[in-house]
Amino acid sequence: MACSEVCKEQVEFKEEQEEACTKDGTIDWHGQPAIKAKSGQWTAGIIILLNQGLATLAFFGVGVNLVLFLTRVLGQNNADAANNVSKWTGTVYIFSLVGAFLSDSYWGRYKTCAIFQVIFVIGLVSLSLSSYLFLIKPKGCGDEETKCGSHSGFEIALFYLSIYLVALGNGGYQPNIATFGADQFDENDLKEGHSKVAFFSYFYLALNLGSLFSNTILGYFEDEGLWALGFWVSSGSALAALVLFLAGTTRYRHFKPSGNPLSRFSQVLVAATKKCNIDMPLDADSLFDVDGNDSSINGNRKILHTNEFKFLDKAAYISTRDIDDQKKGIYTPWRLCPVTQVEEVKCILRLLPIWLCTIIYSVVFTQMASLFVEQGAAMKVIVLNFRIPPASMSSFDILSVALFIFLYRRILDPLVSRLRKKSSRGLTELQRMGIGLIIAILAMVSAGIVECYRLRYANKDCIHCEGSSSLSIFWQVPQYAFIGASEVFMYVGQLEFFNAQTPDGLKSFGSALCMTSISLGNYVSSLLVTMVMKISTEDHMPGWIPGNLNKGHLDRSYFLLSGLTTIDLVVYIACARWYKCIKLEGKGDENDDERGSFNKV
């Protein structure tokens with residue numbers, strides 16, 4: 001009797017231990033299975049949200065007025081300064097791919113975030129020191145009135161080294177911190193799964209609140225010529241973010257890095273090509289797979305077989321030669337790959353059409369930093385004897401983001417959940433991204449209508465045309481508000497979608513896709529403006545976007561973008577209806593299967 005009681009107690013103890021650990025394969029700081037009560041969840045999540053807010057404040061403290069620094073302090077002309085800022089911004093997002101690769105392959109997300117944050121702090125401190133000691137000469141220069149003196153080649157080189165260290169640090173850190181925050185919630189646990197979805201909304205809110213402080217307070221100081229102060233505040237904010245991040249070290253949950261994904265992808269393509277002439281059986285059960293609960297990719301969850309891209313299934317087909325090699329104890333991954341490895345490639349191929357459709361949205365999003373500002377500068381900017389900087393109107397975008405995150409999380413999502421009969425979830429990620437595109441179209445139409453009225457009240461014979469229209473700059477509020485609302489649906493949905501639909505070993509790569517979408521949006525926007533100006537300036541016409549906007553047709557540029565976004569929406573709907581969700585072993589719940597579906601009703 002005593003023996004049976006002891007055995008019963010041992011079984012109960014084992015069950016309690018299993019229940020206490022996470023079910024998604026995360027580990028703690030010591031490499032042991034993560035215990036739910038002692039790791040992750042909102043304790044770690046809040047630390048990461050605060051870290052993101054402080055780091056964003058630091059980054060935009062440099063980026064928001066970098067073009068003014070180049071023109072006022074370094075003496076560059078507008079064209080060169082704009083070109084240099086575009087290169088710098090593009091580099092930030094290119095470095096996001098580097099950070100994602102190192103995180104998923106070798107370092108893991110915690111180590112990658114820590115290392116790139118250190119680089120970020122070094123870059124900001126170097127920028128602050130070089131500005132204070134060398135570049136801001138004479139003291140107080142760099143405002144609208146006082147010009148700075150010339151600088152040596154060494155001083156210029158030190159400046160560019162500093163800002164590109166900032167680009168490297170922020171670019172490598174940014175895609176990993178969002179994914180690392182999501183890692184703190186076990187999606188196999190119902191309560192934590194809902195918290196994980198909420199985390200992405202709060203993450204984007206933290207990003208925007210940090211940006212709000214930079215765009216307003218730091219932007220004002222730097223516009224007044226207090227560049228060194230602004231850069232030192234950014235440095236202090238980045239250092240505080242790093243210290244806070246390190247303080248939570250023992251609380252975090254981790255996924256093991258999965259090795260080089262490029263080699264895994266190459267192995268699938270090579271193995272499938274070698275067997276291109278083989279006739280595949282209809283039964284997927286005959287395909288090669290590994291035993292146990294873990295896949296062959298360093299302990300990550302198995303991905304179940306799907307029927308798309310059947311050519312790639314040949315990489316998992318067990319040929320006669322493979323059987324002979326197995327009898328000899330030989331396994332060649334360049335000839336035979338497990339189903340999970342094949343499905344990993346399929347997942348990325350399925351994501352690409354959706355990702356390509358987000359680039360046009362990013363073109364619309366980038367107008368806030370370019371055409372919206374130029375449009376605002378040509379409107380009435382004096383209100384009650386106070387001059388409103390046109391760039392500060394982006395604060396309404398940030399306020400709109402905060403408002404619509406609240407409305408979506410507290411009102412719209414619960415309402416849609418109640419209306420659905422078969423699911424407790426609200427709108428899927430793909431549906432929300434589609435809504436984001438629709439709101440983006442409204443933003444461009446709104447901007448075009450405002451421009452039509454601005455031109456109606458403009459002085460077309462002006463020489464210096466800032467404030468040349470009697471139409472108040474506050475008429476821009478609707479277009480900024482529409483952009484903010486669209487971000488909540490598009491970018492937050494995009495973060496959730498790529499995190500949920502990428503394999504365990506490529507989560508950071510999924511976040512990097514979001515950033516590269518913004519980067520390509522910048523490049524496509526520049527290309528589009530160049531093409532528009534080349535076509536619209538034929539026959540000695542001033543063009544749609546001339547130096548004097550009162551002689552152009554900026555409204556036509558906005559309406560062109562609304563038309564392109566409408567076409568993109570149609571293509572996106574087709575791609576979203578075709579898309580099939582990732583199927584992970586042990587996640588057979590209908591809600592999980594339909595989570596990324598566009599057709600869910």
Side-chain angles (χ1 to χ4, degrees), residues 26 28-29 34 38-64 96 99 103 108-125 166 169-185 192 194-218 230 232-254 395 398-399 401-403 405-406 409 487-488 491-492 495-496 499 508 511 514-515:
T26 50
D28 61 17
W29 173 247
K38 297 182 179 180
S39 65
Q41 302 187 60
W42 280 114
T43 301
I46 290 173
I47 293 175
I48 291 171
L49 290 176
L50 292 172
N51 169 269
Q52 169 65 12
L54 290 169
T56 303
L57 187 157
F59 176 73
F60 283 103
V62 175
V64 72
S96 70
S103 171
R109 284 183 267 281
Y110 171 80
K111 185 176 180 180
T112 304
C113 287
I115 290 175
F116 279 104
Q117 281 189 87
V118 170
I119 296 173
F120 186 44
V121 171
I122 292 173
L124 285 168
V125 171
V166 171
N170 185 263
Y173 149 86
Q174 198 63 43
N176 294 295
I177 194 66
T179 310
F180 189 56
D183 290 345
Q184 307 312 309
F185 303 96
E192 289 194 29
H194 286 296
S195 297
K196 183 174 185 175
V197 173
F199 173 82
F200 287 107
S201 295
Y202 297 133
F203 179 86
Y204 200 76
L205 178 62
L207 185 152
N208 277 272
L209 291 177
S211 176
L212 177 63
F213 185 89
S214 299
N215 288 347
T216 53
I217 299 176
L218 285 188
W232 279 117
V233 170
S234 292
S235 300
S237 180
L239 181 61
L242 174 60
V243 172
L244 183 64
F245 179 79
L246 295 176
T249 296
T250 58
R251 183 75 193 189
Y252 299 137
R253 296 174 184 173
H254 309 265
S395 301
I398 298 169
L399 294 174
V401 167
L403 174 63
I405 283 178
F406 173 80
R409 297 293 315 163
E487 289 176 60
V488 173
Y491 280 144
V492 176
L495 277 172
E496 291 182 31
N499 182 269
S508 296
S511 296
C514 302
M515 297 188 68

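- With rounding to the nearest 0.5 angstrom, the CH2 atom of W42 is 7.0 Å from the CZ atom of F199.
- For S234, there are no side chain to side chain donor-acceptor pair (under 3.5 Å) partners at least two apart in sequence or on another chain.
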Full working for side chain to side chain contact (heavy atoms under 4.5 Å, CB included) between F120 and Y173: CA-CA 9 Å; F120 186 44; Y173 149 86; 5.9 Å; no
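- Y252 and F180 have perpendicular rings, their planes meeting at more than 60° on a 0 to 90° scale where under 30° would count as parallel.
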I would like to know whether V488 and Y204 meet side chain to side chain contact (heavy atoms under 4.5 Å, CB included); could you show each step before the answer? CA-CA 8 Å; V488 173; Y204 200 76; 5.5 Å; no
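- Paired with V166 under the rule side-chain contact (heavy atoms from CB on, under 4.5 Å), one option of I119, I122, V121, L124 passes, and it is L124.
- To the nearest 0.5 Å, atom CZ of residue F60 and atom CG of residue L212 are 11.5 Å apart.
- Between N208 and E487, the closest side-chain pair of non-hydrogen atoms falls below 4.5 Å.
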Check the pair Y202 / V492 against side chain to side chain contact (heavy atoms under 4.5 Å, CB included), numbers first and verdict last. CA-CA 9 Å; Y202 297 133; V492 176; over 6 Å; no
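- Applying the side chain to side chain donor-acceptor pair (under 3.5 Å) rule to S235 yields the partners S128; only residues at least two apart in sequence or on another chain are considered.
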Steps toward side chain to side chain contact (heavy atoms under 4.5 Å, CB included) verdict (Q117, N51): CA-CA 10 Å; Q117 281 189 87; N51 169 269; 2.9 Å; yes
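- A donor-acceptor pair under 3.5 Å is absent between the side-chain atoms of R251 and the main chain of A44, judged by distance alone.
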